[in-house]
Amino acid sequence: MMRLELVKRAEKSRLMSVLSPVFAVALTVVFAGIVFAAQGHNPLSGIWYFFLEPVTSLWGVEQLITKATPLIIIALGLSVCYLSNNWNIGAEGQLTIGAIVGSIPPILFPDFVNPLVLPLMLLMAMAGGALFALIPAKLKTSFGTNEILTSLMLVYCSNLFLDWMVRGPWRSPQGYNFPITIDFHEWAVLNAVDVGGIYLNLSAPIALVLVVILAVVMRSTLKGFEIRVLGQSPRAGSFAGFSNRRMTAFAFALSGALAGLAGMMVVMSEIGKLQPVISPGYGFTAIIVAFLGRLNPVGILIAGLVIASSYLGGEAIQTSLQMSSKLATVIQGVLLFFVLAADTLILYKVRLVTGREGEGARA
Amino acid sequence: MLEAIILTVITAATPLLLAATGELVVEKSGVLNLGVEGMMVMGAVAGFAVTVSTGSPLLGIVGGAVAGVLTSLIFAFVTLTLVANQVASGLALTLFGLGLSGLMGESFVGQPGIKLQSLDIPGLTTLPFVGKILFGQDILVYLSFAAVFGVAWFLNRTRAGLILRAVGDNHASAHALGYSVIGVRYVAVMFGGAMAGLGGAYLSVAYTPLWVENMTAGRGWIALALVVFASWMPWRAAIGAYLFGAVTVLQFHAQALGIGFPSQFLAMLPYLATVIVLVAISGNRRATLFNTPSSLGKSFVPDR
């Protein structure tokens, strides 16, 4: 009988820290190839259509950036949570509530039309998302309630709340009874600008700026140090005078604010009003992005683009190979498993041993 | 009237109870598998697929359990053999399960299913009041009753149960005594997978004989909350599951009565109830700490 045996390394392998996500992506490509082959397609052409073909056109690159932007923004916030050992998995709900709160100006005050509306909406969305995220944070710090379960339960509540808003009080009188709100006015939407053949709006540069800010904060400020220390050893952190409670509130508020911002910008650029569904699960997919990016801002930037390409790949195989676009979600899940498994290589050497050898080693 | 309500409460509670008793054993062995939702939804799609293609709901149930076990093995390999982070891997399992079940179930959307028939126990089903409730149910409901007693007996009255608890409370000592920590945990995770798979199959074969994408609708997460609520005691998990069943039924009845209250807020009730219950239970920190398996969520690498 053969089995795997782990041997602890003396210290973290720097080489493997860089290589493990690469391994994970490579294994995912192999996995995808096997799936294509199993469905009777040429695995190489499947891989081409899924991973590469979408980014061969300018339009594809534009779509890639559009899809990657919210994922990156949300994952940045989640990375601060996960690094500090706060398991916020309710970003999808914070995105929704943020978008609802941020939509108050154009929906309730449609006559308030001036350039101030845009920043006001973004700020209100961030505040809404942050406050909503503070509910599981507060329950965790005051009562020790498990934040994983509470933050997730609130996602269901927030989606139902949005559903009620667009069918009830905020339903557009001109909407032929469809569950939609009135269209946002000109200062409440993000218009795309031509950048070398690609149409982009303000959200992509905002995501880039956030990546840079967070990279600097994590690398060279006391706050970044505090986040990491409290995540690795709350006891050591408390000796340094850091407060675990304040960190929980900070991490949740930050990730909620970023999720709200991302949600608002998706609504302002792609939809232009509120409707029952405003996100294709960005808040959940961002969890994968955060881990694939190794909870590092630059890593998250790359990971966001990789995962966004899988959304496009799903659409591409649907049109070119008549396969289900749902394969994309499966591949995202598989990728996360490979990432987590490959991370073992950073701390351990993996050996394949036969049964007899293993027994001998134990005796 | 009361009989009818109790019957619907049991129906709504059974998938939660099946999944929660499974996860309870998993957590008692020191493993936190947050992928219950993923295993459940895989059980639901497999249960439906097998039922429709073989024409036998019983085979469908078996298919659901097998799918749950197979899904749980991915988690077991990644967290137990490769010692990956259990929280992240559990989330991955849920996302993966939701994706794969959507893909597998695509061709079954809108197809009629076959409902699992109740298995009346001759002579007892006709008893007044308790007859239909206790003896006129389908096989999965009996199984959920049996699971509560079986798991309670196993954990507290058998040697194997004692070993499993030892592994969950102090894996280093259990290893030093010569028990296979990883082996015990593999079996526990697979049991949890089977039970979650059964819970999922119950949804698509007995509760509403249909396949709808994401049809578990957070029940796997509620099952996880039930384990915390139950302080890792099977009979308390049963109480919790029936309470949640009651909340769900209350919501349907309120909607049917047309109370002037938006249906969306009624639909929030089970989720809000979960949050409230979690807060209430975590207020009593000492009891929670006392019952929590000490090695819960911690990876184990045997030193040789």
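Since the model is a prediction, treat every value here as computed from it, not as a measurement. These values consider heavy atoms only, across backbone and side chains, with no hydrogens, waters or symmetry-generated copies.
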Region of B:Ile222 in contact with chain A, defined by heavy-atom distances below 4.5 Å: both
Listed partners of B:Tyr271 passing ring-ring contact (aromatic ring centres under 6.0 Å, His included), at least two apart: A:Tyr156
Heavy-atom proximity to chain B below 4.5 Å, by part of A:Trp164: both
Part of A:Ile287 within contact of chain B (heavy atom distance under 4.5 Å): side chain
Contact winner vs chain A - B:Leu269, B:Thr274, B:Thr79, heavy-atom pairs under 4.5 Å: B:Thr274
Under 4.5 Å from any heavy atom of chain B - which part of A:Asp163: both
Interface moiety of A:Phe161 toward chain B, non-hydrogen atoms closer than 4.5 Å: both
Part of B:Ser89 within contact of chain A (heavy atom distance under 4.5 Å): both
Structural part of A:Ile148 lying under 4.5 Å from a heavy atom of chain B: side chain
Proximal component of B:Gln86, with respect to chain A [non-hydrogen, under 4.5 Å]: neither
Region of A:Phe291 that comes under 4.5 Å of a non-hydrogen atom in chain B: side chain
Qualifying residues under side chain to side chain donor-acceptor pair (under 3.5 Å), relative to B:Arg236, sequence neighbours excluded: none
For chain A, the option from B:Ala225, B:Gly102, B:Ala88 that forms the most heavy-atom pairs under 4.5 Å: B:Ala88
Greatest number of heavy atom pairs closer than 4.5 Å to chain A - which of B:Gly38, B:Ser101, B:Ala217, B:Ser263: B:Ala217
A:Ile89 and its side-chain contact (heavy atoms from CB on, under 4.5 Å) partner, picked from B:Leu91, B:Val87, B:Leu34, B:Thr94: B:Leu91
